[in-house]
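Note sheet for the following structure.
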Amino acid sequence: MAKTPMVSLLHLFLLSAFVLNCHSQEKEVHVVYLGEPLRGDVSVAATHHSMLAGVLGRLLLLLLLVLVAIILYYNYSIINAILGDLYLICGEWGSFKRSESLSLYNLKHLNLSNCSHSSAKKSLVYSYGRSFNGFAAKLSEEEVTKFSDMEGVVSVLPNTILKLHTTRSWDFMGFTQNHLAGPHEGDVIVGLLDTGIWPESESFGDKDFGPPPAKWNGTCQSGNNFTCNNKIIGARYYNSMDYYDITDFKSPRDSEGHGSHTASTAAGVEVAGASYLGLAEGVARGAVPKARIAMYKVCWSFGCALADILAAFDDAIADGVDIISVSLGSDWPLPYFQDPIAIGSFHAMKNGILTSNSAGNSGPWPYTVSNYSPWSLTVAASTIDRKFVCQVVLGNGQAFTGNAINNFDLNGTSYPLIWGGDAANFSAGANPEASRYCLPGYLNSNKVEGKIVLCDTLWDGSGVLMANGLGTIMADTYYTDFAFSFPLPATFISKEDGLKVLEYIRSTDTPIATILVGETWKDVMAPSIVSFSSRGPNPITPDILKPDLTAPGVDILAAWSPVSPPSIYWKDTRSVNYNIISGTSMSCPHVSGAAAYIKATYPDWSPAAIKSALMTTAYVMDSRKHEDAEFAYGSGHINPLKAVTPGLVFDASEADYIDFLCKQGYNTSTLRLVTGDNSVCTSTEPGRAWDLNYPSFSLAIEDGQPITGTFTRTVTNVGFSNSTYFVYLYLPTSISVKVEPSILSFSAVGEKKSFTVTVSGPKISMQPIMSAAIIWKDGVHEVRTPLVVYTILPASYSSYSVPTSKKPAFEGKKPVFEGSSFYHKNGILGNS
């Protein structure tokens, strides 16, 4: 009989220990997204604090009840230890001190409210309330579950880490210096979410700039030797991880180089004589040199935290920026309201701000495109008509041309040449099979010192440097359409040419070679989509074509942080003010700048109108060079000059996107939280997104089904008051397209006309993408919209529901780089 109360006590004690463990377990930062900002005279921070305290207090209350139950059985001293642990969580509770003994009297006087509010204060990281509603806090798994189930919560997001995804590029597009300085350019503010900015760079000088526009509501987080000016009118930094590497500046200052590069590409002032260590010298500038820059530093040495990205969006929207440029993204597809960039750009759109996003660097694999929401602009990367090459000349006179940005000059002197496989460091456990790749520590320095080394893969040169080698010739099949810079004389040739170099080494006892200084050659094949640029189809909504368009993103010269390595090798100690790098991170600010150029010309245009103008006036890309066709380049290559005279635009409002989300499976209650109004889903049946007024057409057909789809579109006249447009079709033979009406007549600017597009064809299965185009012409303007038809697996549309995150359908093998070079961080290198 005596065992019964003891067993009951044991059960209660274990329960209390469990509750304590739940409350004190390791917590991680999560974002609780609540939708539209609170209205009226309400303290956002107090509201969020109260919500946190409420959830945290429930666990403490449960523990208190358990303790009372234990006391009712026994007043054991061991319970004092439990309460002592609780004291460590909450501190002093009213009159109770840790030294006091436990009793019902003391428990009655415990201030549970103080404990929960104290815990809430410690947990809260950010309160979002300027542009949307939500907060970031350190939460346990149980607390995450409670918030997820709470009424009024749209989503709870883990604080995942996202990746960072020109002298010649603007001229290549025909956008020369003669076309700069729109009438309102100085009033346009370009906000960038990036790694910060180097304010002393010549690209950010403010000579002849007036004060910031009156609409500016932002701030400059000066200090730590960082200041703004009338060019950089705002700068903030965010770090929810509270972690700073030795290379990080605890300020908006850029230690990575990426943010300075993107900012100068979009809106840098004109700088004559800019070059990378003498290469590619010219005038560096952005699309809108007179525009203002606001930098929101969300990316650090470890990456870009989700909570920081949302905090930056919250500020940027309220600060008054006109365009937001985001050259970063997630590795995997996420539902729209679990994706920080989709959330932030949605609220930006509501406030009349277009967000320009990079498509990602996970190409050429399909379904890898990121930042695919229809209210943002998604940018692929393509080449310009300049390529960087570097030749190697062997002792027998043979010369091979490779891709490299090589500023090292050996003055034509030849040096001994060795294959990495003949220089294995056996003491380190390497053999010829390993040493041929020239990885760090694998090479025999006694054999390599002072020599040029042939390596059988692309690497950062560190292995050759560590072995005191003089230079390197790398041979492989990857990354042949853009160039890297290296910390030593280097070039990157094809695998076939590498075999010829090895054959020469085997043919003589004294092989020698020299590596010539780099050159720039004209690329007559440009523009072409670069291999790393992420491809469609859209992984979440097949009815929306992504990417939207392409822009220069290969070998782009722009401003750089002088403390960031100038080459692929993260320990390169050289310093440069301008650097040449590649990525969709580089193409994105080109489009951001072009969008700012349109905004300066038409300050009242909506984000959708600006986006439409860029897409419908794009250069048509050559599909013969791109088997992925529109999945690689969307509507085509941006043409900033034509984009300011599009003739017609496909406009869209928040209501259009709400209707789209209804058909994606989001319900009325969730959407009302997001919009803050009385939005209603008129139908409970999700469906296709064919009626969203998008400036492209995407028709996904299940395998074995006939081609059929009907789209509705509305265009707004922004050209001549009296104009008549006739439709022209470019079609493959396998599909039929009917446009009604086929003639659109306008009598005023701003007048709207609607038309339907009916697509039909035979049953298809497992077919590659089929490309078509619908073009409206009035004799001056050409308004072109691509139409794609492609097949999907039957399960893709078997049921409609809010999409869930998933990994890309295809993954490819790539070399894995260690360290923290820019190419490792932006995903071009390092994906396996």
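- Among the candidates Thr195, Asp194, Asp308, Leu162, the single residue satisfying the side-chain contact (heavy atoms from CB on, under 4.5 Å) test with Val298 is Asp308.
- No donor-acceptor pair closer than 3.5 Å links the side chain of Asp628 to the backbone N or O of Phe631.
- Checked by atom type, the side-chain pair Asn357/Tyr372 shows no donor-acceptor distance below 3.5 Å.
- Of the listed residues (Phe147, Tyr33, Tyr128), just one forms a ring-ring contact (aromatic ring centres under 6.0 Å, His included) with Phe135, and that residue is Phe147.
- For Ser382 and Thr550, the side-chain atoms include at least one donor-acceptor pair closer than 3.5 Å.
- Checked options Tyr657, Trp375, Phe346; the residue passing with Tyr336 is Trp375 (criterion: ring-ring contact (aromatic ring centres under 6.0 Å, His included)).
- Ring centroid separation for the pair Tyr666 and Phe337 comes in under the 6.0 Å cut-off.
- Using a 3.5 Å distance cut-off with no hydrogens or angles, the side chains of Ser376 and Ser373 do pair a donor with an acceptor.
- Judged by distance alone, the side chain of Ser358 and the main-chain N or O of Thr584 form no donor-acceptor pair under 3.5 Å.
- More than 12 heavy atoms of other residues, nucleotides or ligands sit less than 6.0 Å from atom CD of Gln767.
- With respect to the salt-bridge test (charged N to carboxylate O, under 4.0 angstrom), the residues Asp555 and Lys387 do not qualify.
- A distance below 6.0 Å separates the ring centres of His626 and Tyr633.
- Evaluated for a side-chain hydrogen bond (donor to acceptor under 3.5 Å, both in side chains) with Lys546, the options Asn538, Thr541, Thr378, Asn371 yield exactly one hit, Thr378.
- When only modelled atom types and interatomic distance are considered, Ser592 and Ser325 share a side-chain donor-acceptor pair under 3.5 Å.
- Among the candidates Pro589, Ser587, Cys588, the single residue satisfying the side-chain contact (heavy atoms from CB on, under 4.5 Å) test with Ser356 is Cys588.
- A donor atom on one side chain and an acceptor atom on the other are found under 3.5 Å apart for Glu630 and Ser771.
- Contact record, Ser301 with Tyr243: OG-CE2, 4.4 Å, taken as the closest heavy-atom pair.
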Name the atoms and distances for all side-chain donor-acceptor pairs under 3.5 Å in residues 613-620, with sequence neighbours left out.
| from | atom 1 | to | atom 2 | distance (Å) |
| --- | --- | --- | --- | --- |
| Thr616 | OG1 | Ser612 | O | 2.9 |
| Thr617 | OG1 | Ala613 | O | 2.6 |
| Tyr619 | OH | Met173 | O | 3.2 |

Stepwise side chain to side chain contact (heavy atoms under 4.5 Å, CB included) check, Ser698 with Tyr790: CA-CA 8 Å; Ser698 178; Tyr790 67 104; 3.5 Å; yes
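- Of the residues listed (Phe650, Phe697, Tyr694), the one engaging Phe711 in a ring-ring contact (aromatic ring centres under 6.0 Å, His included) is Phe697, and it is the only one.
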